[in-house]
Amino acid sequence: MGLSMDNEEVEVKSTDTKKKPTKKTKEMLEENSNKIEELKTEQKDLAAALSDLDKEEEALGEKSALKMKVSHKKFGEGQVITQDGKYIEVKFKDVVKKFVLPGCIADKFLEVSDEAIYEYYVKRNEIHKKRMNTELRIKSATFAIQRHEDAIEKLNAKLK
């Protein structure tokens, strides 16, 4: 047959074909892992901030805008006729318009004569803006973690 089966000529290949990671690959894996841990810590801190905002909002209390008298630069004097969550409808002389609380009062699209009511909506609006920003940062951290996990997966795939 032409094939020799001498032990000296037969080379046995190892079934373990994993490549050893280079120094650069190790550094990149470690950097991605560290970043994931930092982002997870940031997420925990942001979740705590959301909890604090909940407490702040709870302490502020809930005030209904129903039947509240308001003034608008274009439509004049009006009264809130419905409130559905953060949405209110205001009946002016000739028209009914929909607005979103707390911003419509805090940003003075609708003006109120009671300074305490105005301050309430300003505080509500500040909490709302902080909440939106915090939730956005949590989502951003989640996506960043996914990107770092994907990078680790690709680096590990190269080692196979």
Problem set entry | Glu135, CD atom: more than 12 neighbouring heavy atoms under 6.0 Å | yes
Exercise. Should we count NZ of Lys154 as having more than 12 external heavy atoms under 6.0 Å?
Worked result: no
Exercise. Side-chain contact, heavy-atom cut-off 4.5 Å: Leu110 with Phe99?
Worked result: yes
For this session: Can you run down the ring pair (Phe, Tyr, Trp, His ring centres under 6.0 Å) pairs that involve residues 110-140, sequence neighbours left out, and say none if there aren't any?
Result: none
For this session: Write out all pairs satisfying ring pair (Phe, Tyr, Trp, His ring centres under 6.0 Å) with one or both partners inside residues 27-48, taking only residues at least two apart or from two chains.
Result: none
Exercise. Does the Gln79 side chain pair with the main chain of Lys67, one donor and one acceptor, at a distance under 3.5 Å?
Worked result: yes
Problem set entry | Separation between OG1 of Thr22 and CG of Leu159, rounded to the nearest 0.5 Å | 8.0 Å
Exercise. Are Glu62 and Arg124 ion-paired here, with the side-chain N under 4.0 Å from a carboxylate O?
Worked result: yes
Exercise. Does some side-chain heavy atom of Lys98 sit less than 4.5 Å from a side-chain heavy atom of Val90?
Worked result: no
For this session: For residues Ala65 and Gln83, report the shortest heavy-atom separation together with the two atoms involved.
Result: N-OE1, 2.7 Å
For this session: Any chance you could measure Leu101, atom CG, to Lys63, atom NZ, to the nearest 0.5 Å?
Result: 13.5 Å
For this session: Mind checking ring-ring contact (aromatic ring centres under 6.0 Å, His included) for Phe75 and listing every partner two or more places apart, or none if nothing turns up?
Result: His72, Phe92
Seminar exercise, completed: Rounded to the nearest 0.5 angstrom, the OG-CG distance for Ser51 and Leu46 is 12.5 Å
For this session: Step by step, work out the side chain to side chain contact (heavy atoms under 4.5 Å, CB included) result for Val80 and Glu89.
Result: CA-CA 6 Å; Val80 178; Glu89 285 187 332; over 6 Å; no
Problem set entry | Glu31 atom CD, over 12 foreign heavy atoms within 6.0 Å | no
For this session: Mark yes when over 12 heavy atoms from residues, nucleotides or ligands other than Arg137 sit less than 6.0 Å from its CZ; otherwise mark no.
Result: no
Exercise. Any side-chain heavy atom of Asp54 sitting closer than 4.5 Å to one from Glu58?
Worked result: no
Problem set entry | Leu39 side chain near His148 side chain, heavy-atom distance below 4.5 Å | yes
Exercise. Can you name the nearest heavy-atom pair linking Ala106 to Val122, along with the distance?
Worked result: CB-CA, 3.8 Å
Exercise. What's the spacing between Asn125 CG and Lys130 NZ if we round to 0.5 Å?
Worked result: 11.5 Å
Exercise. Is the shortest heavy-atom distance from the side chain of Val70 to the side chain of Glu111 under 4.5 Å?
Worked result: no
Exercise. Does any N or O in the side chain of Asn32 come within less than 3.5 Å of the main-chain N or O of Met28, such that one atom is a donor and the other an acceptor?
Worked result: yes
Problem set entry | Spacing of CG belonging to Leu66 relative to CG belonging to Asp84, to within rounding of 0.5 Å | 11.0 Å
Exercise. How about Leu53 and Glu56: do any of their side-chain heavy atoms sit closer than 4.5 Å?
Worked result: yes
Problem set entry | Inter-residue atom distance Glu126.CD - Leu60.CG, 0.5 Å rounding | 10.0 Å
Exercise. Is a donor on one side and an acceptor on the other found under 3.5 Å between the side chain of Asp114 and the backbone of Ala116?
Worked result: yes
Exercise. Looking at side-chain heavy atoms only, is the closest gap between Leu29 and Asn156 below 4.5 Å?
Worked result: yes
Exercise. Do you know the tightest heavy-atom contact between Ile105 and Met68?
Worked result: CD1-CE, 3.3 Å
Problem set entry | Side-chain heavy atoms of Ile138 within contact of Leu50, under 4.5 Å | yes
For this session: Please determine, by modelled atom types, if Asn34 and Glu38 share a side-chain donor-acceptor pair under 3.5 angstrom.
Result: no
